[in-house]
Peer 1: 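Pasting in a structure now, in structure tokens, and then I'll have a few things to ask.
Nothing fancy with the numbering, it's 1 onward along the sequence.
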Amino acid sequence: MRKLILLQFLFFSLLILGQTNSKKDSLEIKKLIDAAEKISISSSAEGTLICNEALQLAKAKKYFKLDNYAYNVLGRIYSANGKVDESKKHFNKAISLSKKYNDKAMLCSTYCDLGSLLVFESKHLEAIHYFTESLKIAEEIKLDELAFYNLYYISDLYIEEKNLEKAFEYSFKALDILKNKNDRFDYHRGAIYDQIGKTYNLQKDYPKAKQNLEKSLLYYKKIKDDFGIANSTYDLYKNEYDLNPNASVVELISKILEAHSLFNSTAPESRNNINCLNFLAELYLKKGDFTKALNYANQSKTLCEQTNFITALIESNRLLSAIHSKLGDYKKAYEHQLQFNQLNDSLFSQEHKNELAKLESKKDIIIRDKQLKINAIELKSNERQKWFLMGGLALLGIIGGLLLYQNRSRKRTNELLQNLNTELDEANKAKTRFFSVLNHDLRSPVSNLIDFLHLQKDSPDLLDEETKSRIEQTTLSSAENLLTSMEDILQWSKSQMENFKPQPKSFAIEQLFEDTKKHFSSIENIQFQFENPTNLSIVTDENYLKTIVRNLTGNAIKALVDVQHPMIIWKAFQKNGNTYLSITDNGKGATKEQFKALYDDKEVVGIKSGLGLHLIRDLAKAIDCKIEVASTPNQGTVITLLFQQ
């Protein structure tokens, strides 16, 4: 149930964010409140402190529907840490303010939260009152997800009360809400199938219980939810034990210990884990290992008393009485049996069940009377409106027909023009990008080739045989790379003519590094390093990225002129789920103004100096790549490409 409460919180955080003040600082307060709940999972003290700061700021700014939100989150934090009185106090403040602001969504959520807290105290009469009120509001304002939570909790409460007919009624209502919902509701499906399975188990229809519990386990495994997996595993094998009492106790203990381990890692104080401890005590009692049975029963009793979980406390006292009896300690066995009788009689008295039935009947009567009044008003209103509507419909039909014909003709024409304009714009952009690449990527190798030919023609005597051979080899390598670049560009231009946009696909970064290494193999005086320790792959347009990398490398080479021990390092790494490529040089660095073309679309770069930064900026923008620059004078420059996955 605690996991359902957490999902409910996330849902209502989004809901309330959409309905409250839209000012900039109010959004900051909302972020603080959201952060407080998340941080409280690891540090309740820090979460409480942040939420109180947000609350004081909301009060100071007089942002309504934020202070009630903050009180609600504080109530959740205190509830998760077992501080029942503090939790109730803050929930009641949230309820009072929500009524004042007529904030039905927040009121609905807080009623549900308070009902959940009361269930942990086994105050079922009060809990069903708040669940019923929350359900009524959820149905009124059409909040399907919260309606599901309330139906689930009411069903769970009736399971505790052993009222299986009502438990089935509310469980199937909750299941009906999930029809036609998307995969985001798979957790809810896992929870409700587990609930239905448990109810069939109590009804002793073990085959149907098994069928529903297996469905629940499948949904939890699909979404990899450890708490849900533990819960369904426990319920499934407890049902197996009930279905076949002669089943292997050793195998059952193994499965229940797996569930217990998952509970300990996700929610050690949850009701589910306490029930798991009681079942382990029962299995070890049957096996005859009274020491382990006593250990698990005592653990359960301690947690029951800490969390005020009365129904499980009744079961742990029953088990402790049986275990001490087996151990020959009849005094303790009698004491636990006495506690069992007292708690069982108080919780499951006939008077208590009658009160629940009255609450249920009262809800049904209120809903029925309200619906009858609404129906009467609607009948009178419909009779008056009928004649007006008939005349109005006839007139509107004529006007609508004419407007529809005119609108369709205009729409067809506009769509045709829009499509033509879009195609023309994309074609122009592709052409511009292509010529930019062609100009920039071919200029440098052609220039190097021309320089060598001039030197060979005008001053051949300046070159000895060794130097001449080395330059010829370098020029040959540069020419081969030029041919490869031209083939890449021509192939890319063909795909651009057909598609007018990037074509993302997955490819290995190592392949990109190898291409870059080969392209600049003629550069002999600079040390290149390529670091890709985890052999990353990336999903983007390979040609766009290849051009960006080549241009950045070319710019880095220019920055290393007259630098001792020049070095260029390319790195590929991942951080926070995102992929990064970075190039580092140990050149002279540059000012922020010199990198302005990377960020400013209006910055003009002369054709004589190339289109490097211009081109990098436009291509990166086309493939949704962010560029970050860090340059330090006389130390070098680091340029990082960020690809969000």
Side-chain angles (χ1 to χ4, degrees), residues 1-16 18-19 37 65 68-69 71-76 78-80 84 87-161 166-167 169-178 185 187-188 191-192 195 355-356 358-368 370-371:
M1 181 180 285
R2 184 174 180 178
K3 192 69 178 291
L4 279 173
I5 294 170
L6 178 59
L7 284 180
Q8 175 192 330
F9 161 74
L10 294 174
F11 167 70
F12 267 87
S13 296
L14 295 174
L15 176 70
I16 293 162
Q19 293 184 348
E37 175 81 8
K65 295 189 182 182
N68 62 333
Y69 180 27
Y71 279 123
N72 175 272
V73 172
L74 282 169
R76 294 176 192 271
Y78 285 122
S79 174
V84 175
S87 179
K88 285 182 182 177
K89 181 174 74 174
H90 286 84
F91 280 147
N92 284 325
K93 285 183 179 178
I95 288 170
S96 176
L97 289 170
S98 297
K99 288 179 178 178
K100 178 181 176 182
Y101 305 149
N102 194 28
D103 187 351
K104 291 185 178 181
M106 191 74 257
L107 182 62
C108 181
S109 178
T110 311
Y111 275 152
C112 189
D113 293 332
L114 185 52
S116 303
L117 182 64
L118 292 166
V119 169
F120 280 105
E121 294 187 286
S122 293
K123 295 182 179 179
H124 295 178
L125 289 173
E126 294 180 57
I128 198 172
H129 165 73
Y130 285 109
F131 287 142
T132 303
E133 289 299 312
S134 180
L135 178 61
K136 186 164 58 176
I137 298 172
E139 290 173 345
E140 178 188 344
I141 60 178
K142 302 187 185 308
L143 293 177
D144 285 350
E145 193 159 10
L146 196 56
F148 170 87
Y149 292 130
N150 283 291
L151 291 167
Y152 175 91
Y153 294 148
I154 294 172
S155 170
D156 193 57
L157 188 149
Y158 277 120
I159 289 177
E160 295 287 342
E161 293 290 331
K166 285 291 182 183
E169 178 185 339
Y170 283 93
S171 290
F172 285 120
K173 284 182 180 178
L175 184 60
D176 191 57
I177 287 177
L178 301 181
F185 289 82
Y187 180 87
H188 304 67
I192 200 60
Q195 190 88 301
E355 286 295 327
L356 283 175
K358 286 180 183 178
L359 281 172
E360 179 67 22
S361 299
K362 182 179 178 182
K363 171 181 174 287
D364 291 341
I365 291 170
I366 291 171
I367 293 173
R368 184 195 64 194
K370 183 178 180 181
Q371 190 60 47

Peer 1: Testing the basics here: between K104 and I137, what is the closest heavy-atom pair and its distance to 0.1 Å?
Peer 2: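 It is O-CG2, 3.6 Å.
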Peer 1: Considering non-hydrogen atoms only, spot the tightest contact between I95 and T110 and give its length.
Peer 2: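 Taking every non-hydrogen atom into account, CG1-CG2, 3.6 Å.
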Peer 1: Nearest 0.5 Å, what's the CG-CG distance between L97 and N72?
Peer 2: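 It is 11.0 Å, given to the nearest 0.5 Å.
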Peer 1: Distance check, rounded to the nearest 0.5 Å: Y149 atom OH versus C108 atom SG?
Peer 2: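 That separation rounds to 11.5 Å.
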Peer 1: Work out which heavy atom in S87 is nearest to a heavy atom in G75; give both atom names and the distance.
Peer 2: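 Scanning both residues completely, I find the closest heavy atoms to be OG-O, 2.8 Å.
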Peer 1: For the residue pair R76 and S116, confirm or rule out a side-chain donor-acceptor distance under 3.5 Å.
Peer 2: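 Per modelled atom types, R76 and S116 side chains form no pair under 3.5 Å.
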Peer 1: To the closest 0.5 Å, what do you measure between NE2 (H124) and CG (L157)?
Peer 2: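 The NE2 atom of H124 sits 5.0 Å away from the CG atom of L157.
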Peer 1: Identify the two heavy atoms, one from S134 and one from C112, that lie closest to each other, and give their separation to 0.1 Å.
Peer 2: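 In this case the closest contact between S134 and C112 is OG-CB, 3.6 Å.
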Peer 1: Provide the closest heavy-atom pair for A127 versus G115 in the form atom of the first, atom of the second, distance.
Peer 2: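 Minimum heavy-atom separation between A127 and G115: CB-O, 3.5 Å.
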Peer 1: Looking at F91, I'd like to know if the NZ or CZ of K88 sits under 6.0 Å from its six-membered ring centre while staying within 45 degrees of the ring's axis.
Peer 2: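 The answer is no; the distance or angle limit is not met.
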Peer 1: With under 30° as parallel and over 60° as perpendicular, where do the rings of H188 and F185 fit, or are they tilted in between?
Peer 2: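 Ring orientation, 0 to 90° scale: tilted.
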Peer 1: Going from CZ on F148 to CD1 on I192, what distance comes out if it is rounded to the nearest 0.5 angstrom?
Peer 2: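 So the gap between those two atoms works out to 4.5 Å.
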Peer 1: Identify which one of L114, L151, N150 satisfies the side chain to side chain contact (heavy atoms under 4.5 Å, CB included) criterion when paired with F131.
Peer 2: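 Per the side chain to side chain contact (heavy atoms under 4.5 Å, CB included) rule, the option paired with F131 is N150, out of L114, L151, N150.
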Peer 1: With a 4.5 Å cut-off on side-chain heavy atoms, are N68 and Y101 touching?
Peer 2: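 Yes. Closest side-chain heavy atoms under 4.5 Å.
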Peer 1: If you define the side chain from C-beta out and look only at heavy atoms, does anything of S79 sit under 4.5 Å from D113?
Peer 2: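 The answer is no; the side chains never approach within 4.5 Å.
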Peer 1: Evaluate the side-chain proximity of Y111 to L135: yes if any heavy-atom separation is below 4.5 Å, no if none is.
Peer 2: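 A side-chain contact is absent here, since even the closest heavy-atom pair is not under 4.5 Å.
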Peer 1: Please report the interatomic distance OG(S171) to CD1(I154), rounded to the nearest 0.5 Å.
Peer 2: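 Rounded to the nearest 0.5 Å, the OG-CD1 separation comes to 10.5 Å.
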Peer 1: Please enumerate all residues that pass side-chain hydrogen bond (donor to acceptor under 3.5 Å, both in side chains) together with Y130, with sequence neighbours excluded.
Peer 2: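 side-chain hydrogen bond (donor to acceptor under 3.5 Å, both in side chains) check on Y130 returns nothing, list empty.
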Peer 1: What's the spacing between Y170 OH and D156 CG if we round to 0.5 Å?
Peer 2: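 Taking OH in Y170 and CG in D156, the distance rounds to 14.0 Å.
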Peer 1: Inspect the contact between K136 and E140 and indicate whether a charged nitrogen and a carboxylate oxygen are less than 4.0 angstrom apart.
Peer 2: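 Not counted as a salt bridge, because no side-chain N and carboxylate O are separated by less than 4.0 Å.
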